[in-house]
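Order of the sequence lines fixes the chain letters, A, B, ..., with proteins taken first and strands second; residue numbering starts at 1 for each chain. Keep in mind the model is a prediction, meaning the values are calculated, not measured.
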There are 4 protein chains.
Amino acid sequence: MKNNNTDRKARGRPRDEAATASILRAALELADEVGFDALSVEGVAARAGVGKTTIYRRWANVWAVVMDAVLADVVRAAPIEEHATARESFRASMRSLAKAYRGKTGKLLRPLIGRAQIDADLRQAVRARWVEPRRRIAREVVRRGVERGELREGLDADVVFDALYGPIYHRLLVPYDDAPLSEAFIDQVVDHVFGGLERNPGGGGHPARR
Amino acid sequence: MKNNNTDRKARGRPRDEAATASILRAALELADEVGFDALSVEGVAARAGVGKTTIYRRWANVWAVVMDAVLADVVRAAPIEEHATARESFRASMRSLAKAYRGKTGKLLRPLIGRAQIDADLRQAVRARWVEPRRRIAREVVRRGVERGELREGLDADVVFDALYGPIYHRLLVPYDDAPLSEAFIDQVVDHVFGGLERNPGGGGHPARR
Amino acid sequence: MKNNNTDRKARGRPRDEAATASILRAALELADEVGFDALSVEGVAARAGVGKTTIYRRWANVWAVVMDAVLADVVRAAPIEEHATARESFRASMRSLAKAYRGKTGKLLRPLIGRAQIDADLRQAVRARWVEPRRRIAREVVRRGVERGELREGLDADVVFDALYGPIYHRLLVPYDDAPLSEAFIDQVVDHVFGGLERNPGGGGHPARR
Amino acid sequence: MKNNNTDRKARGRPRDEAATASILRAALELADEVGFDALSVEGVAARAGVGKTTIYRRWANVWAVVMDAVLADVVRAAPIEEHATARESFRASMRSLAKAYRGKTGKLLRPLIGRAQIDADLRQAVRARWVEPRRRIAREVVRRGVERGELREGLDADVVFDALYGPIYHRLLVPYDDAPLSEAFIDQVVDHVFGGLERNPGGGGHPARR
DNA sequence: GTATAAACGAGACGGTACGTCAGGTCTTTCT
DNA sequence: AGAAAGACCTGACGTACCGTCTCGTTTATAC
């Protein structure tokens, strides 16, 4: 968003927050109805009951709108919470992420990450507002897992993160239609990866592993 | 591609294969020069020295052209070869895939998979021509790894595939700029995942693991 | 009009003359309905059932369209015919011109000449296609009037033209609403210019006249 | 102009006359720099360092501003003064008008009269503030010319005005680029109209003249 | 050898959307 | 209460491409 929240007292008529909101809503509605590739600034403006300039005053193009709309909607999904062990912390948060991706969140985030492959601004935004916060928490979880003796020392937390969440995004993004993001799948991934991460492999695994 | 190679003897002037080739070449050149989102049928036709109809006679839209152009270029990259153990087979092929993704192949495949998130035809094509062949070979490798006693029984080969290749695609597609597809990264992933997959976890790991 | 009628062999699909015609018709209709200043390429295209590009392919802007439309309509009005004397030739053609200006022709030509005050291309077009042909004929009429002994020698035909037609355009263009382009007015102008205003013509003239 | 100079005691902050002046100045400057058709309220406001509302509070649109700016500038040009004879009075004032039209005044008035062809308000304003005062004086000059025996009786002063000034406006407004508003031209017009074109003036006139 | 058929390049066609500009209005803060 | 600033909705601008449709031409097979 261009909006600079400087403390300078605003002169002139202030931005209409209702307009901003109705633009974001319209973008999501239209994306749902006609698909992301058929989105147009013109269409969003019409649906939002707003002039095109009102959109261009706030964003540079439709995808910037979509980014704000989607991320606002998506960020509250699937937080990472800590449990007793790193294994349980990750298993729980991966399950909730998979659940989110099975529903609306996946429908919204997939096109966004897709578009990010050719749109540097969008890529940067997704990184800063979606990926990085999650990586940050994961690093903490890994750190404590090592401290507590649950995990081997010398682990690169980012590699752990890739190893655990990579499979989920693989099924989400790399075309393979028979691949559900089921809980069973998550459990298998966790077992596979933790089996190798734990100092005492084979011990304390998830029941599904037996 | 629409081209149906029926045995019926063609009447009229035959398709000009040189035109087909120059269209594909032009598409890749332009993608490289102006980017994938700035590609247009018109531009490709002009660059290829070809009428627009000649393109539309062969493909439905630019992305179908791109798909053919990219996949033709990409399929020969990173074959999966078998080594003595499943671990070594995967490690070798993952290394060569990562190498390919670090170069031109990644530059071409990323936009394609990105676009596949909102283009069903493209998604289907990527699945059939890129993903499925690799999954098929991987299943075989896993099967033989179990047969030979290297791997635990009851493994779902597709989950193994996700667990191993997921991290690579994660770094390729999910924005996180400090994440290189280095050989060290591949080795770590292999170690993490195989440490959990092996019947006797903790034994016979890659030297890097010690 | 951009249309270059060169002998160059036409390549590609030929221009649709029906489209050209319907554009010109639509322009005149809209000018009549909403006025010349409310004309827009968009409006004309919509009315003509034509894409905007089809208009821009032929003309540079609305006023160029209007110019073609108006001049095509107007040029056939009020030809200059020769009579026995120059006086009668001019009187007749001035009358018919005044009549034309009282009706549709005036309605069309006034905005055109108005716009020509700030539009160099239009000015040039009006000159070449409307004014110049009339001046040319007038010069001939004056020349023969002199030959035949009806008119004084040494006359500048263009000044004569200005003296005769100027008053008509004065009433047409310079705002003065009580001034009709009546036949009586024409006759008075002809009499004044051909016969002089002075009670004793030829006396007291400016030295320049000698 | 909207400005109503009623005696009503002004309430609130009084109009800033400096703003009014700088708007008019900005309008003329911009007209000179970018041309009359590229004038915009926005541009004038920016140049004058004034809000758009400040302009809209005083005038209805740009052309109303231009009208005020131009007429204020132009009205003082080329007054009609009386000389010994009507012929000399007109000759002198026509010369000074032609001179004005050759310079800045022509550059300003031409677009204004041009625009008046499609703008009723402007037409009315030009009539009242430019044309009518000149016609009024001319009527007086003609009246006295008749009284004094210089001019024939029964003349319609407005027709005389058209006959004398029409040729000037003809050259000014009707595109004919080789036509200068020279003094020689003025003299010829005066001679033609006052003295007649015919070698033997008074002969062969139209019946209406008797 | 002459139809017949289809592909070819060129480019016009009716459209959609782009991103920009200006119109004229409205709302806020400052003077 | 006027002025500046600037956001608002509207509507048109001129451009780029879309995917379709003639054109006249070329290159094959079929008669």
Closer than 4.0 angstrom, basic N to acidic O: yes or no for Asp68(A) and Arg58(A)? no
For Val41(D) and for Gly51(B), locate the closest nucleotide of DNA chain E by heavy-atom distance; then report the residue assigned to the nucleotide nearer the 5' terminus. Gly51(B)
Any N/O donor-acceptor pair, Thr53(C) side-chain to dG15(E) base, under 3.5 Å: yes
Does a side-chain heavy-atom distance below 4.5 Å link Thr20(D) with Trp59(D)? yes
So which one's nearest nucleotide on DNA chain F is more toward 5', Thr54(A) or Gly12(C)? Thr54(A)
Arg11(C) side-chain proximity, nearest of dG24(E), dG11(E), dC21(E): dG11(E)
Of the candidate nucleotides dA12(E), dC18(F), dC8(F), which contains the atom at the shortest distance from the side chain of Arg15(C)? dA12(E)
Between Arg47(C) (CZ) and dG14(E) (P), how many Å, whole number? 16 Å
Per atom distances to the Tyr56(A) side chain, the nearest of dC8(F), dC17(F), dT20(E) is dT20(E)
Send over the distance from Leu30(C) CG to dG11(F) P, rounded to a whole Å. 16 Å
Which nucleotide, dA3(F), dG19(F), dG23(E), lies nearest any side-chain atom of Asn61(B)? dG19(F)
Assert: residue with more 5' nearest nucleotide on DNA chain F, out of Ala38(B) and Gly43(C), is Gly43(C)
What's the CG-P distance between Asp37(B) and dC18(E), to the nearest Å? 14 Å
Which heavy-atom pair separates Val44(D) from Ile23(D) by the least distance, and what is that distance? CG1-O, 3.8 Å
Starting from C1' on dA7(F), measure out to CH2 on Trp59(A) and report it in whole angstrom. 14 Å
Using whole Å, report how far CG of Asp16(C) lies from P of dT22(F). 10 Å
Could a donor-acceptor pair under 3.5 angstrom be found where the side chain of Lys52(A) meets the base of dG19(E)? yes
Measure from the side chain of Val50(B), starting at C-beta and using heavy atoms only, and say which of dG9(E), dG14(E), dC13(E) lies closest. dG9(E)
Tell me if the side-chain of Arg13(B) makes a donor-acceptor pair with the base of dC8(E), cut-off 3.5 Å, by modelled atom types. no
Please give, in whole Å, the distance from dC8(F) P to Glu17(A) CD? 9 Å
Whole angstrom value for the distance that separates C1' of dT20(E) from CD1 of Ile55(A): 15 Å
Does a nitrogen or oxygen in the side chain of Arg57(C) sit under 4.0 Å from OP1 or OP2 of dG14(F)? no
Under 3.5 Å donor-acceptor, Gln117(D) side chain and Leu112(C) backbone: no
Closest nucleotide of DNA chain E for Val62(A) versus for Val62(D): which of these residues is on the 5' side? Val62(A)
Among dG14(F), dG23(E), dG6(F), which is the nearest nucleotide to the side chain of Glu42(D)? dG23(E)
Contact between Val126(B) and Leu109(B) at the side-chain level, heavy atoms closer than 4.5 Å - yes or no? no
Does Arg115(D) pair with Asp37(D) as a salt bridge, N-O distance under 4.0 Å? no
